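Note that the structure is a prediction, hence the values are computed from the model and not measured. First listed ligand is number 1; within each ligand, the first listed atom is number 1.
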Amino acid sequence: MIIPIKKQLSFLIIIITEEREYMTVQIIDGKTIAEALRAEIKTQVEERIAKGFPQPGLATILVGEDPASQVYVRSKHRACEEAGMQSLGYNLPADTPQEKIGDLIKELNQDKKIHGILVQLPLPKNLDEEEILNTVALEKDVDGFHPINIGRLAQKGREPLAIPCTPAGVIYLLKTVLPSLEGKHAVVLGRSNIVGMPVSLLLVRENATVTICHSKTVDLPAVVREANILVVAIGKPEMVRGDWLKPGAVVIDVGVNRVEDPSRDRGYRLVGDVAFEEACEVASAVTPVPGGVGPMTIAMLLRNTLTAAERLG
Ligand code: NDP
């Protein structure tokens, strides 16, 4: 039977439309994944205590009154408590002299009850962040920002004692959808010390081929379109659009941005750096904001604290 060309075309269009409709995106549920990880850590802490070892202890140092940092530090303490760990918080005024912070860290370095020390970043501008991070004992650096840990991360065949928490969370989430990252083209937007650069170093260690982009990158959408894996950490609300993405890409959105929303009681909502709905139309897997990378950061901090405690006895 000969089908007229017009009918053949409409048949083809229906098939294409249906394929699009059935191509479902996987939403990577960081909240559930982090909860499972935290439950596992809690069990390991109980086992450690049952064997007669001390409770793992984390000390946090917060300088100044940045509201976002206060929220982050509070949730880190809550998470420690839930995991059966001890936590001690030091909240210092913004004008605390560098020397005083250094002395506190040195004291905590000697404290046997403390296995992890976290200096909440960013520090007030007048302080020397590098010097402060350098004062934290290497084996208690649960944030992974000690220069030696970062240096080891960047070197082949060297192992850092701790890996920065958010970047570690990014890799963990990626591996829930792509068990092997080898040979994949990963594009990272952002090159900060806290997220972009350590994520890129970790991706290289996973044998991905990595392109690092920043504010001076020319034709960002064209570079992003090459990515099998896209990690975005730029702090620009919904800047990455759906039509920048390669179909089937795996997208990890680290960005957390407040945008005005009068329909909400608090007057704002949180969005990522990626236009989520648009990304869902093109990508094979995407992390939401909130509920993607955010919860993983704390889970990784708990994991690093437990590992430090196991090392220190
Ligand atoms: P930074 O401001 O330190 O770094 C931003 C990076 O993005 C820089 O490398 C900058 O480039 C790059 N950038 C800025 N604008 C553009 C642009 N238009 N095009 C391309 N690149 C651009 O931010 P962070 O890395 O600390 O944080 C990034 C985001 O991640 C923020 O939204 C933050 O809130 C979030 N975050 C989330 C965490 C979580 O747990 N979920 C933890 C930490 C951060 P250049 O170097 O050239 O200036």
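K184 has no carboxylate O lying under 4.0 Å from a charged side-chain N of E206, or vice versa, which leaves the two without a salt bridge. Classification of D103 and K100 as a salt-bridged pair fails, no side-chain N sitting under 4.0 Å from a carboxylate O. Salt bridge status for R241 with D243: absent, with no side-chain N to carboxylate O gap under 4.0 Å. The existence of a salt bridge linking E159 and R205 is confirmed by a sub-4.0 Å separation between a basic side-chain nitrogen and an acidic carboxylate oxygen. Classification of K42 and E82 as a salt-bridged pair fails, no side-chain N sitting under 4.0 Å from a carboxylate O.
Scanning the protein for heavy atoms near atom 47 (O) of ligand 1, the closest one is S215 OG, 2.5 Å. Annotation: atom 17 (C) of ligand 1 to nearest protein heavy atom, M239 CE, 3.8 Å. In this structure, atom 44 (C) of ligand 1 lies nearest to the protein heavy atom V195 CG2, 3.8 Å. If you check which protein heavy atom lies closest to atom 24 (P) of ligand 1, you get S192 OG, 3.7 Å. The protein heavy atom nearest to atom 42 (C) of ligand 1 is T166 OG1, 3.4 Å. Shortest contact from atom 15 (N) of ligand 1 to any protein heavy atom: K236 CE, 3.3 Å.
Remark: distances from the non-hydrogen atoms of G196 to ligand 1 are all 4.0 Å or more. Within the 4.0 Å heavy-atom cutoff, C213 does not count among the residues contacting ligand 1. Using a non-hydrogen distance threshold of 4.0 Å, L189 does not register as a contact of ligand 1.
Within the listing of ligand 1, atoms 40 (O), 41 (N) sit less than 4.0 angstrom from a heavy atom of G294. Annotation for ligand 1: atoms under 4.0 Å from non-hydrogen atoms of G190 are 6 (C), 7 (O), 9 (O).
With a heavy-atom cut-off of 4.0 Å, V254 touches ligand 1 through backbone and side chain alike. Only the side chain of L220 comes within 4.0 Å of ligand 1, counting heavy atoms alone; its backbone N, CA, C and O stay farther away. Residue T297 touches ligand 1 through its side chain alone, judged by heavy-atom distances below 4.0 Å.
Put simply, the side chain of K31 never gets that close to the backbone of P295: no donor and acceptor are under 3.5 Å apart. Put simply, the side chain of D143 never gets that close to the backbone of L118: no donor and acceptor are under 3.5 Å apart.
The closest non-hydrogen atom to atom 8 (C) of ligand 1, taken over R191, H214, M296, comes from R191. When the heavy-atom distances from atom 22 (C) of ligand 1 to I234, I298, D273, L121 are ranked, the shortest goes to I234.
Atom OG1 of residue T209 and atom CG of residue L181 lie 11.0 Å apart, to the nearest 0.5 angstrom. Between atom CZ of residue R38 and atom CG of residue L301 there is a gap of 10.0 Å, rounded to the nearest 0.5 Å.
Polar contact with ligand 1: present for V256 (N/O pair, distance under 3.5 Å). For ligand 1, none of its N or O atoms has an N or O atom of K216 under 3.5 Å away.
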- Between E139 and R311, does a salt bridge (Lys or Arg N to Asp or Glu O under 4.0 Å) hold up when you go through it step by step? CA-CA 8 Å; E139 58 280 7; R311 207 172 31 236; over 6 Å; no
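Atom 30 (O) of ligand 1 is approached by the protein to below 4.0 angstrom, counting heavy atoms only.
H115 and T305 form no side-chain donor-acceptor contact under 3.5 Å, judged by distance and modelled atom types alone.
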